[in-house]
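Any value given below was found using the heavy atoms of this structure, including those in side chains, with hydrogens, waters and symmetry copies removed.
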Amino acid sequence: MGSIESERTTIGWAARDPSGILSPFPFNLRNTGPEDLYVKVLCCGICHSDLHQIKNDLGQSNYPMVPGHEVVGEVLEVGSDVTEFRAGDVVGVGLLVQCCRNCHPCKSDMEQYCNKKIWNYNDVYTDGKPTQGGFAGEVVVDK
């Protein structure tokens, strides 16, 4: 399983201002929790919403920001409560990386309507750390 309790560092391509320019940015990944996957990014698409966030077109961008929400990657490690994935699996990671799992939308497989959802970038985890997206070497996401 590896070191679930320790933070890891990775390199992402970050927007540091609304210029649209991305540059290398080292950052700490959050700790891999019991319901998380630690994923090596194999590829990540780019979407018009990434471009709008990079350039702060919606007026809500927080910098530095590593965009990318269309991720395909290889699972490197799974949390202790994860049973449906294992190291070596290839997975897709979308825009949501965490939700409450208890509200009506979550229980109806409509997590995008959860009031406690967390976006994979330009958002903040429950521990106060900023989320960073798939234009990076690795990501840690909720299963």
Side-chain angles (χ1 to χ4, degrees), residues 1-58 60-103 105-107 109-143:
M1 282 266 236
S3 178
I4 287 188
E5 297 302 319
S6 64
E7 281 189 340
R8 297 176 175 97
T9 301
T10 192
I11 303 288
W13 285 89
R16 297 169 191 264
D17 57 45
S19 68
I21 297 171
L22 302 180
S23 60
F25 173 69
F27 65 95
N28 290 328
L29 294 164
R30 68 185 173 92
N31 292 335
T32 306
E35 296 182 342
D36 291 333
L37 304 175
Y38 172 49
V39 178
K40 175 184 177 182
V41 176
L42 300 175
C43 60
C44 183
I46 187 164
C47 171
H48 68 90
S49 57
D50 296 318
L51 300 175
H52 289 303
Q53 290 286 353
I54 291 167
K55 294 187 168 218
N56 198 25
D57 291 340
L58 305 174
Q60 301 171 334
S61 297
N62 299 302
Y63 301 104
M65 173 200 319
V66 176
H69 65 273
E70 298 173 343
V71 178
V72 174
E74 177 186 353
V75 175
L76 298 177
E77 180 179 86
V78 299
S80 59
D81 293 345
V82 176
T83 58
E84 57 270 52
F85 300 101
R86 62 182 179 182
D89 286 350
V90 175
V91 296
V93 178
L95 184 55
L96 299 179
V97 292
Q98 202 165 41
C99 62
C100 78
R101 291 195 177 108
N102 295 314
C103 67
C106 284
K107 290 183 176 186
D109 290 328
M110 296 179 14
E111 297 89 350
Q112 68 271 23
Y113 296 109
C114 175
N115 288 330
K116 296 181 181 179
K117 68 183 169 287
I118 298 176
W119 306 117
N120 82 330
Y121 72 90
N122 200 37
D123 204 349
V124 179
Y125 290 112
T126 55
D127 65 3
K129 292 181 182 179
T131 61
Q132 301 292 0
F135 292 2
E138 298 86 23
V139 293
V140 176
V141 298
D142 187 75
K143 66 175 179 160

A.B. asks: More than 12 heavy atoms of other residues, nucleotides or ligands under 6.0 Å from OH of Tyr125: is that the case?
C.D. replies: yes

A.B. asks: Within the 4.5 Å heavy-atom criterion, are Ile118 and Thr131 side-chain neighbours or not?
C.D. replies: yes

A.B. asks: For Asn56 and Tyr63, which I'm curious about, is there any donor-acceptor pair between the side chains at under 3.5 Å?
C.D. replies: no

A.B. asks: Give the minimum heavy-atom separation between Tyr121 and His69, together with the two atoms involved.
C.D. replies: CE2-ND1, 4.0 Å

A.B. asks: Could you walk me through whether Val139 and Asn120 pass side chain to side chain contact (heavy atoms under 4.5 Å, CB included), step by step?
C.D. replies: CA-CA 9 Å; Val139 293; Asn120 82 330; over 6 Å; no

A.B. asks: Which of these passes side-chain contact (heavy atoms from CB on, under 4.5 Å) with Val141: Val71, Val93, Val75?
C.D. replies: Val93

A.B. asks: Atom CG of Asn122 and atom CE of Met65: how far apart are they, to the nearest 0.5 Å?
C.D. replies: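 Atom-to-atom, Asn122:CG and Met65:CE are 4.0 Å apart.
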
A.B. asks: Should the ring pair Phe25 and Phe27 be called parallel, tilted or perpendicular, given that the plane angle runs from 0 to 90° and is split at 30 and 60?
C.D. replies: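 Parallel, since the angle between the ring planes stays under 30°.
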
A.B. asks: Determine whether more than 12 heavy atoms belonging to other residues, nucleotides or ligands lie under 6.0 Å from atom CG of Asn115.
C.D. replies: no

A.B. asks: Any heavy-atom pair between the side chains of Arg101 and Asp142 that's under 4.5 Å?
C.D. replies: yes

A.B. asks: Distance check, rounded to the nearest 0.5 Å: Lys55 atom NZ versus Asp50 atom CG?
C.D. replies: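 That separation rounds to 13.0 Å.
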
A.B. asks: Surrounding CZ of Arg86 (heavy atoms of other residues, nucleotides or ligands, distance under 6.0 Å), is the total greater than 12?
C.D. replies: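 Open: at most 12 neighbouring heavy atoms sit under 6.0 Å from CZ of Arg86.
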
A.B. asks: My understanding is that only one of Ile11, Val41, Val66 makes a side-chain contact (heavy atoms from CB on, under 4.5 Å) with Phe135; could you say which?
C.D. replies: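 Among Ile11, Val41, Val66, the one meeting side-chain contact (heavy atoms from CB on, under 4.5 Å) with Phe135 is Val66.
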
A.B. asks: For Glu138, is there an ion pair with Arg8 - N to carboxylate O distance below 4.0 angstrom?
C.D. replies: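 No, this pair does not count.
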
A.B. asks: Nearest 0.5 Å please: distance from the NE2 atom of His52 over to the OG atom of Ser61.
C.D. replies: 11.0 Å

A.B. asks: So which atom in Ser23 and which in Arg16 form the shortest heavy-atom distance, rounded to 0.1 Å?
C.D. replies: OG-NE, 2.8 Å

A.B. asks: Atom SG in Cys47, atom CD in Gln53: separation rounded to 0.5 Å?
C.D. replies: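 Rounded to the nearest 0.5 Å, the SG-CD separation comes to 10.5 Å.
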
A.B. asks: Is there side-chain contact between Arg30 and Asp36, with heavy atoms separated by less than 4.5 Å?
C.D. replies: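 Yes, at least one pair of side-chain atoms sits under 4.5 Å.
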
A.B. asks: Answer yes or no: is there a side-chain heavy-atom contact under 4.5 Å between Lys116 and Cys103?
C.D. replies: no

A.B. asks: Does a side-chain heavy-atom distance below 4.5 Å link Leu22 with Ile54?
C.D. replies: yes

A.B. asks: Give me the atom names and distance for the closest heavy-atom approach of Trp13 to Pro24.
C.D. replies: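 Looks like CZ3-CD, 3.4 Å.
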
A.B. asks: Using side chain to side chain contact (heavy atoms under 4.5 Å, CB included), reason through Trp119 and Leu96 one step at a time and then give a plain yes or no.
C.D. replies: CA-CA 5 Å; Trp119 306 117; Leu96 299 179; 3.2 Å; yes

A.B. asks: With distance as the sole test, does Lys117 use its side chain to make a donor-acceptor pair with the main-chain N or O of Gln112 at under 3.5 Å?
C.D. replies: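 Checking the backbone N and O of Gln112 against the side chain of Lys117, a donor-acceptor pair under 3.5 Å is found.
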
A.B. asks: Kindly indicate, with the supporting measurements, whether the criterion side chain to side chain contact (heavy atoms under 4.5 Å, CB included) is fulfilled by Val82 and Glu84.
C.D. replies: CA-CA 6 Å; Val82 176; Glu84 57 270 52; 4.3 Å; yes

